[in-house]
2 protein chains.
Amino acid sequence: VAEPGVAVTLRYVAKHAGVSRQTVSNVLNAPDRVDPVTRAKVEAAIMALGYQPNRTARNLATRQAGLIGYCLARRPGHNPFMDTFLHALSTAVEVAGRHVLLFTAPEDLDDTRVYADLVAQRAVDAFVLSDTVDNDPRHTWLADHEIAFASFGRTWPEQGEQPGSWVDVDGAGSCAELVAGLHALGHSRIAFIGWRAHTGAVLDRQRGWRSECERLGLPHGDELAVHADSDCLDCGASAAAGLLDSGHAPTAFVVASDLLAVGVVREVKRRGLRLGHEIAVTGFDDSVLATSVDGGLTTVRQPIEEVAGTLVELLATPWEARGVLLRGELVSRGSAPLQV
Amino acid sequence: VAEPGVAVTLRYVAKHAGVSRQTVSNVLNAPDRVDPVTRAKVEAAIMALGYQPNRTARNLATRQAGLIGYCLARRPGHNPFMDTFLHALSTAVEVAGRHVLLFTAPEDLDDTRVYADLVAQRAVDAFVLSDTVDNDPRHTWLADHEIAFASFGRTWPEQGEQPGSWVDVDGAGSCAELVAGLHALGHSRIAFIGWRAHTGAVLDRQRGWRSECERLGLPHGDELAVHADSDCLDCGASAAAGLLDSGHAPTAFVVASDLLAVGVVREVKRRGLRLGHEIAVTGFDDSVLATSVDGGLTTVRQPIEEVAGTLVELLATPWEARGVLLRGELVSRGSAPLQV
């Protein structure tokens, strides 16, 4: 039996049976997918602990508020394709006969408290998450409470599996493609500029840069990888200045966002270097900023409509934790005229 | 009595009684605000026509879905402060104990059909509109059907009053302030660049430019006002090129959007003119683009939080059509170093 005072959650059952959350979920929702030995072990744990699947979550699934909750990021103005994403998400949700309910998480409130309130009010059937952070507490909380959700973006857990279903764009793959394209243009010293070292998405892009440089026999040491304080224009400019002033000045920059990249372009032009000729710069996002650069910024477009469609598909089988990695699309412009 | 086959709407009663829609609404909802003679006239028309206030609308007001409908624009990626607006709107609506329900209007559907469906499903209590166009059919339809709504942006009706309540930012006032500031910097030939002549908001900004130029004795003829094909970067660049190549080249540009203004800046720099010294450029919106210009773009910030709060206030008295004009905030940067 469970220790006194310990809520018997799906995670608790999983730990007790020595299996993953997903396996427990499968035993409950799709037992034919689980091999008989494992199934017996999990069923024994469920019996022993007196585990009862979350009733609220089950009610939600049958009651059908017809609404999918989506929390707006705390830092508005920061996400360059927020309105594109919301439009795509809303359209995909409508195709499934539902609508998106928007909400915010005030600064002074625990995020999960806001999600718990909406569940208690039965205001939504499920959640879509984005603007994920590393070890995002929302994902763990929702998975533990068996509330249906799907995430745009991974949470890069330090250990163990990512809770719940997710779709993401393969940042490592896109950055590797950018490096290969820059190398084909004749560049052999290619730097990486990201921000805040503890952001999984940035580190993922950096991994792609590093592995492709390594594969091509190009330098890929820490002296060529800079993490700006934050994702801002001035930060990009000063990161570029530092690299250009160093003893190992690169001729190309793979930059983890359009905003940082526009800052790099500014510094490159300030020095009178010819963008797209002597120096190449690439961004990430294909935001409106990418066309504000004279000649345009080569960048990576995220397949937002596909992301939104996948999120709605994942919500159709909320008991099944799946991950879908989509390919970003290289958009070649004057700042790095790649052959794509 | 009404003609056969004609639905007796509030507008029909208003026309019959020779008063405004708002007056009929006041007779129904706040009769003490209407002078006795007008009231008697309206009551006679209501009797004669057999008018019955819209039951669905009344039910909506009492039933309280707890949701405010908001339609996302058809052209995502175009509105530079959409996510800021949605965050502010969602926060303001939550303070009033409700949430925002997002929806889209597919290209092949009549907009009002989508609104009608949501009303029929009783999915929302009221609507917030933005991305208004001139003579927007949504406003007329909602007002005629007595469905509560509030609009961010006017619809510039060719004749008569704007239907329903609205809040807007005083574009004319802000552009007049920009002209005054540029004049104080020594500029005496100030051009205006907008887009599509039939957009009320652009014409409003142009009116502010023209009236202040006139007041200061500066040239303000049509040769100094250019309307680009659309609101895009290249359009701004070619509009600026046309003006700079003309026999009456300006030294300053008041531009109706940041996007067009960044295009103007590009053309100015291409010609080797010193931005902020020989030539001044101002934008409108204070989007992320405004900081992408070296030295920054002087622009107008829309008070989005105040807009959102006002929309929610207006929805509290949906039977009362009110208009609120808010002041934009001048943000001075290197492209036109105004004393503000």
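Letters go in sequence order (proteins before strands), and every chain restarts at 1.
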Practice task
Kindly indicate whether the side chain of A:L67, heavy atoms from C-beta on, has any atom under 4.5 Å from the side chain of B:L67.
Solution key: yes
Exercise for the section: Mark yes when over 12 heavy atoms from residues, nucleotides or ligands other than B:R327 sit less than 6.0 Å from its CZ; otherwise mark no. Expected result: no
Handout entry: Contacting moiety of A:L101, where chain B heavy atoms sit under 4.5 Å
Key = both
Exercise for the section: Give a yes or no on this: more than 12 heavy atoms of other residues, nucleotides or ligands lie within 6.0 Å of atom CG of A:D117. Expected result: yes
Problem - Max heavy-atom pair count under 4.5 Å with chain A, selected residue of B:V262, B:T104, B:L72 - result: B:T104
Handout entry: Heavy-atom closest contact (A:S292 atom, B:L289 atom, distance)
Key = CB-CD2, 3.7 Å
Exercise for the section: Test side-chain contact (heavy atoms from CB on, under 4.5 Å) on A:D234 and B:T291 and set out the steps. Expected result: CA-CA 9 Å; A:D234 290 341; B:T291 53; over 6 Å; no
Problem - Evaluation steps, side-chain contact (heavy atoms from CB on, under 4.5 Å), between A:L86 and B:L102 - result: CA-CA 9 Å; A:L86 275 180; B:L102 279 190; 3.8 Å; yes
Completion exercise
Rounded to the nearest 0.5 Å, the CG atom of B:L118 sits from the NE2 atom of A:H99 at a distance of 4.5 Å
Problem - A:M82 side, atom CE; B:H87 side, atom NE2 - distance, nearest 0.5 Å - result: 8.5 Å
Exercise for the section: Check whether B:A73 gets within reach of chain A through its side chain, its backbone, both or neither, counting any heavy atom under 4.5 Å. Expected result: backbone
